[in-house]
Amino acid sequence: MFADTHCHLTYLAGRGIDAVSVIRELADKEVPFVLDAGTRSNDLKERIDFVNGITAAIQDSSLKEKASSMLRFAAGIWPDKDAIADRFLHVDVLREQIELFADDKRLCAIGECGFDRHWNTDDADEKGEAELFDMQLDLARELQFPVIVHSRDAFEQTLAGIKNAGGSRGVIHCYSYGIEEARAFLDEGWYISLSGSVTYAKKARMNETEELVRFIPADRLLLETDAPYLAPVPFRGKPNTPLLIEHTYRFVANIRGLSVEELAASVLQNARVLFG
Ligand SMILES: [Zn+2]
């Protein structure tokens, strides 16, 4: 019942987790929505093949149906140095991958893409990073897809990119800024997605976190795992899976004074509005 709007199912094995049993268990729990995000220009086909292989092997027909209907995919290029250096080539490859799945309704967004000024430090190609982002916003507009944005230590660049593109829509995934920055993204019509990292707030910063969690309007809030990363408390430091998102829902529902069921229903509704 708990939607996960951002995870990386093909990375689970690398953290010692069996994706087959995770997907089966998600389907068995009737999880309604799990979005697998892309990071490389050429990874869409391998991610869809991987998931199709798992669902095809499920014998029970009702479980198979649940597993295939919960999954969604995004395709995008994470801003690492190589992708930035060869950005034009990579965007062409991304287009080719997307064309392969033009008729697959599960493909519903561009991303993750954006800026990472934590890993891309001072000597990085800032202009190239912005161009890589702009090209993906253009592609999203052309396809009428929303965009899943990765933005770390790069609020100004991200907001400028979104404003310049005009008419884009999407979500700031794994949101890591404060209330003023959230207001700026919300004013552009964007959604804010919180990950398990909200559960990490230290006592001294808990007020700030709570204010942010309460500030995001109900119709613009999404939740995600970013699995296999960022497992929520009490699993912090362990590999994450979409099965653990319940802890983030409980944490956020508690702060917002909602039942976890109410929060789950509203996040699912938002995911359906944004991703179709
Ligand atoms: Zn991610």
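Sequential numbering from 1 along the given sequence is applied to the chain's residues. For ligands, and for the atoms within them, numbers begin at 1 and follow the listed sequence. Just so you know, these numbers use all the heavy atoms, side chains as well, and skip hydrogens, waters and symmetry mates.
For Glu262, there are no salt bridge (Lys or Arg N to Asp or Glu O under 4.0 Å) partners, not counting sequence neighbours. Partners of Arg24 by side-chain hydrogen bond (donor to acceptor under 3.5 Å, both in side chains), not counting sequence neighbours: none found. Arg250 is linked by a side-chain hydrogen bond (donor to acceptor under 3.5 Å, both in side chains) to Glu246, counting only residues two or more places apart in sequence or in another chain.
Within a 6.0 Å radius of NZ in Lys45, no more than 12 heavy atoms belonging to other residues, nucleotides or ligands are found.
Taking the centre and axis of the six-membered ring of Tyr200, the NZ or CZ atom of Arg236 falls inside the cone set by 45° and 6.0 Å.
For the Zn ion (ligand 1), the neighbouring protein N/O/S atoms at less than 2.8 Å, given as residue and atom, are His6 NE2, His8 NE2, Glu112 OE2, Asp226 OD1.
Applying the side-chain hydrogen bond (donor to acceptor under 3.5 Å, both in side chains) test between Ser193 and each of His6, Glu224, His173 identifies Glu224 as the sole match.
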